[in-house]
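Here the structure is laid out as structure tokens; the discussion comes afterwards.
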Amino acid sequence: MKRMRSYVCEACGYIYDPARGEPKNGIPPGTAFEDLPKDYTCPVCGKAKIGKTAFNPLDAPSGRYRCIACGYVYDPERGEPKNGIKPDTAFEDLPDTYVCPVCGVYAKIGKSAFVPTE
Ligand SMILES: [Zn+2]
Ligand SMILES: [Zn+2]
């Protein structure tokens, strides 16, 4: 399943979290922001007709990690199918034996050499 983005209301800071939805407002959990009805309004300041256009994607952590030795970036959305790592595998879920596909073969550059990145 693709990770859904949270959106923040620029008027009041309310955050729409797709994992939670807004059951009180008839929006079931798991509803992507993109799938909200056109007339969706912010539940906090919606009386002022603050609609979807006032929402911006929340810059959630990208989930990407960069190898400090060679600059290789592990992208969880892509995974490394060649190495048996399926798309949508979070870096945290990689096996402890994971090594950088670029420089790990020679230098045993493992997970500890990776830092979070944008
Ligand atoms: Zn708002
Ligand atoms: Zn590397």
Side-chain angles (χ1 to χ4, degrees):
M1 200 169 100
K2 212 166 155 55
R3 199 173 301 177
M4 290 183 288
R5 285 180 105 171
S6 295
Y7 277 71
V8 60
C9 171
E10 65 183 15
C12 72
Y14 168 80
I15 291 170
Y16 176 77
D17 178 354
R20 282 197 285 175
E22 289 172 10
K24 271 190 219 165
N25 301 320
I27 300 167
T31 303
F33 184 80
E34 291 77 6
D35 294 334
L36 292 175
K38 279 209 184 68
D39 58 358
Y40 171 82
T41 52
C42 172
V44 177
C45 58
K47 281 177 192 143
K49 301 272 181 237
I50 300 292
K52 288 176 82 173
T53 53
F55 278 75
N56 293 312
L58 192 66
D59 277 328
S62 63
R64 291 187 198 167
Y65 279 73
R66 182 170 49 86
C67 170
I68 52 174
C70 73
Y72 168 80
V73 172
Y74 175 77
D75 181 349
E77 279 187 25
R78 283 193 289 170
E80 289 171 14
K82 270 192 222 166
N83 301 321
I85 298 167
K86 290 185 201 131
D88 278 333
T89 302
F91 184 80
E92 291 77 8
D93 294 335
L94 292 174
D96 288 335
T97 53
Y98 174 82
V99 290
C100 172
V102 178
C103 62
V105 184
Y106 308 102
K108 301 264 182 253
I109 300 291
K111 288 175 81 173
S112 58
F114 278 74
V115 293
T117 187
E118 281 306 303

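Predicted model only: the values in this text are computed from it and were never measured. Both counts, for ligands and for their atoms, begin at 1 and track the order of listing.
- Between V115 and I68, the closest side-chain pair of non-hydrogen atoms falls below 4.5 Å.
- Residues Y7 and V44 are members of one and the same hydrophobic cluster, defined by side-chain heavy-atom contacts under 4.5 angstrom among Ile, Leu, Val, Met, Phe, Trp and Tyr.
- A pairwise comparison of heavy atoms in P87 and E77 identifies CB-O, 3.3 Å as the closest pair.
- In this structure the side chain of R64 never reaches within 4.5 angstrom of the side chain of P116, judged on heavy atoms.
- For a distance threshold of 2.8 Å, the protein N, O or S atoms nearer than that to the Zn ion (ligand 2), listed by chain and number, are C67 SG, C70 SG, C100 SG, C103 SG.
- Residues F55 and Y16 place their aromatic rings such that the two centres sit no closer than 6.0 Å.
- Counting only distances under 2.8 Å, and ignoring water, the protein N, O or S atoms around the Zn ion (ligand 1) are C9 SG, C12 SG, C42 SG, C45 SG.
- Other residues, nucleotides and ligands contribute at most 12 non-hydrogen atoms within 6.0 Å of the CG atom of D96.
- In this structure, the side chains of P23 and P28 stay at 4.5 Å or more apart for every pair of heavy atoms.
- Through chains of ILVMFWY side-chain contacts below 4.5 Å, V102 is grouped with Y65, Y72, Y74, I85, F91, L94, Y98, F114.
- Listed by first and then second residue, the salt bridge (Lys or Arg N to Asp or Glu O under 4.0 Å) pairs involving residues 20-32 are D17-R20 (not counting sequence neighbours).
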